Amino acid sequence: MRLKFTKMHGLGNDFVMLDAISQRVKLSPDKIRRLADRNLGVGCDQVLLVEAPRNPDADFRYRIYNADGSEVENCGNGARCFARFVRERRLTGKNQLTVETAAGLLRLSLLERDQVSVDMGVPVLEPADVPFDADRRAPTYPLEVDGEVYTVSAVSMGNPHAVLLVEDVATAPVHKLGPLIERHARFPNRVNVGFLQLDSPEEARLRVFERGVGETRACGTGACAAAVAARLRDLVDDSVKIHLPGGALTIHWSGPGQPVTMTGPATTVYHGQIVL
Ligand SMILES: N[C@@H](CCC[C@H](N)C(=O)O)C(=O)O
């Protein structure tokens, strides 16, 4: 199968974008792993597949696969790249889009220059729906990992996130704790793990160990989950700028029951073809 693709990124979180409307695409976990392989394929954190919608209220459907071949519910940086991709490939002429994902409908607005704003929906905080094993909902939970107890928040942005506050992201044990929490028994679907350093009520720094990938340069849903976790504890304002290793995202959330808005860039790198 010969596939046309576009390499894109959102703050260094990189994607292979596939248009499954204009070409026939048949993916398997093995093919996804080959596409994502940085030595043997194109190389990316996620493969994003753009399809015709099934829901009549949506303009497109897009599906998200981690580099390990697993299909996931949501991807914030990918959503911004999706919006730019469908405009640049002339699959739409619209600047306001509704897209169907496994996490529900997302609403996206293409702004000036490379900026895209996404209504990421209402965060899910009930432990059973994250999913996270806890008796009742709370802003934080004690989590025992390797004999030590850490304080984590559990938030779903359609996909599951654990958020830990740290003194200094530069020295946070992202590569030691990340994989242990990702596969912790209390997160039955595995989890993305965010390490958050608060600088002020308007600014924070974040590193994310992503489920199915490892540490990435940025995670859009991770930034949303971190802002929600910090806002629930009254540690940040409604609008907060989250600095990730690849750059900054602006996240707005005014509290429980309200949707989260994420604004940031989407960048096209090159177009290519691969035989899979
Ligand atoms: N990079 C993404 C999140 C991609 C999915 C995640 N690894 C998961 O397994 O849920 C983002 O920008 O949100």
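Both ligands and their constituent atoms are indexed starting at 1 by order of listing. Only a predicted model underlies this, so the values are computations on that prediction, with no experimental measurement involved.
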Should you measure from each heavy atom of Asn159, which atoms of ligand 1 turn up under 4.0 Å away? 5 (C), 6 (C), 8 (C), 10 (O)

Is there a heavy atom in Ile64 that sits closer than 4.0 Å to ligand 1? no

If you look at every heavy atom in Cys81 and Gly10, which pair is closest and at what distance? SG-N, 3.8 Å

Going by heavy atoms, is Asn66 under 4.0 Å from ligand 1? yes

Cluster check Val163, Val166: I/L/V/M/F/W/Y, side chain < 4.5 angstrom: no

Just so I know, are the side chains of Arg89 and Ser22 near enough to count as touching, which here means a heavy-atom distance under 4.5 Å? no

Is the closest N or O pair between Ala218 and ligand 1 shorter than 3.5 Å? no

If you measure from the Lys or Arg side-chain nitrogens to the Asp or Glu carboxylate oxygens, is any gap between Lys241 and Glu203 under 4.0 Å? no

Polar proximity ligand 1 side, Glu73 side, N/O cut 3.5 Å exclusive: no

Using distance alone, decide if ligand 1 has a nitrogen or oxygen within less than 3.5 Å of any nitrogen or oxygen in Cys75. no

Asn13 and ligand 1 - part of the residue with a heavy-atom distance under 4.0 Å: side chain

Can you tell me how far CG of Leu97 sits from CZ of Arg107, rounded to the nearest 0.5 angstrom? 11.0 Å

Closest non-hydrogen atom pair between Val122 and Gly257, with its separation: CG2-O, 3.6 Å

In terms of residue, atom name and distance, what is the protein heavy atom nearest to atom 7 (N) of ligand 1? Glu210 OE1, 2.8 Å

Within less than 4.0 angstrom of ligand 1, does Cys219 place any heavy atom? yes

Taking the side chain from Glu100 and the backbone from Arg54, do they hold a donor-acceptor pair closer than 3.5 Å? yes

Need the ligand 1 atom indices (1-based, order shown) with element for anything under 4.0 Å from a heavy-atom of Asn77. 11 (C), 12 (O)

Where's the contact between Gln46 and ligand 1, heavy-atom distance under 4.0 Å: side chain, backbone, both or neither? side chain

Ligand 1 to Asn192 polar contact by distance, N or O atoms, under 3.5 Å: yes

Does atom CZ of Arg190 have more than 12 heavy-atom neighbours, drawn from other residues, nucleotides or ligands, at distances under 6.0 Å? yes

Here the atoms of ligand 1 under 4.0 Å from any heavy atom belonging to Gly220 are 11 (C), 12 (O), 13 (O)

Proximity to ligand 1 by part of Val72, non-hydrogen separation under 4.0 Å: side chain

Where ligand 1 meets Thr221 - atom numbers and elements under 4.0 angstrom, heavy-atom basis: 3 (C), 11 (C), 12 (O), 13 (O)

If you group Ile, Leu, Val, Met, Phe, Trp and Tyr by side-chain heavy-atom gaps below 4.5 Å, do Ile274 and Val47 land in one group? yes

Can you tell me how far CD of Glu112 sits from CG of Asn95, rounded to the nearest 0.5 angstrom? 11.0 Å

